[in-house]
Peer 1: 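The structure that follows is given in the form of structure tokens.
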Amino acid sequence: MSAPAGATTKEEQMPFVTVHMWEGRSVAQKRALVAAITQAMVDHAGARPDALHVAISEYPKENWGRAGVLGIDMDHEPAAATSDEEAQA
């Protein structure tokens, strides 16, 4: 049975995984990340490793914010109190 017009078959699918993260990881870490993502897509999504693309987009901390704070400013925030410290307060 053939696929309907416009539909893709499993062999034609090209999974594309995009990773957004702060810059600073080594090439070895990125190799390991790409290998792990590829294996996870094979194991859990039925992807073919030769058809899978993984793109890593890295951002300087001054170009990324979370909870209203730039990444470069997060490094300077005081550490959160641990439960032991909170118990002593």
Peer 1: What pair of heavy atoms forms the shortest contact from E62 to L70, and how long is it?
Peer 2: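 It is O-CD2, 3.5 Å.
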Peer 1: Quick one: pull up CG in D50 and CE in M14 and give me the separation to the nearest 0.5 Å.
Peer 2: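 So the CG of D50 and the CE of M14 are separated by 12.5 Å.
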Peer 1: Give me the atom names and distance for the closest heavy-atom approach of A47 to V42.
Peer 2: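 It is O-CG2, 3.4 Å.
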Peer 1: Where do W22 and E58 come nearest, in terms of heavy atoms and distance?
Peer 2: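 Looks like O-OE2, 4.2 Å.
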Peer 1: What's the shortest heavy-atom distance between M74 and V69, and which atoms?
Peer 2: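 The pair with the smallest heavy-atom distance is CE-O, 3.1 Å.
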Peer 1: Please find the pair of heavy atoms, one from V54 and one from T38, that lie closest to each other, and give the distance.
Peer 2: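 Closest heavy-atom pair between V54 and T38: CG2-OG1, 4.1 Å.
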Peer 1: Are W64 and H20 packed together at the side-chain level, in the sense that at least one heavy-atom pair is separated by less than 4.5 angstrom?
Peer 2: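 A side-chain contact under 4.5 Å exists here.
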Peer 1: Can you confirm whether V34 sits close enough to I37 that some side-chain heavy atom of one is under 4.5 Å from a side-chain heavy atom of the other?
Peer 2: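 Side chain of V34 against side chain of I37, heavy atoms only: no contact under 4.5 Å found.
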Peer 1: Measure across I56 and M21 and return the closest heavy-atom pair with its distance rounded to 0.1 Å.
Peer 2: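 Reported closest heavy-atom pair: CG2-CE, 3.6 Å.
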Peer 1: Can you tell me if Q39 uses its side chain to pair, donor with acceptor, with the backbone of A36 under 3.5 Å?
Peer 2: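 Such a contact is absent between Q39 side chain and A36 backbone.
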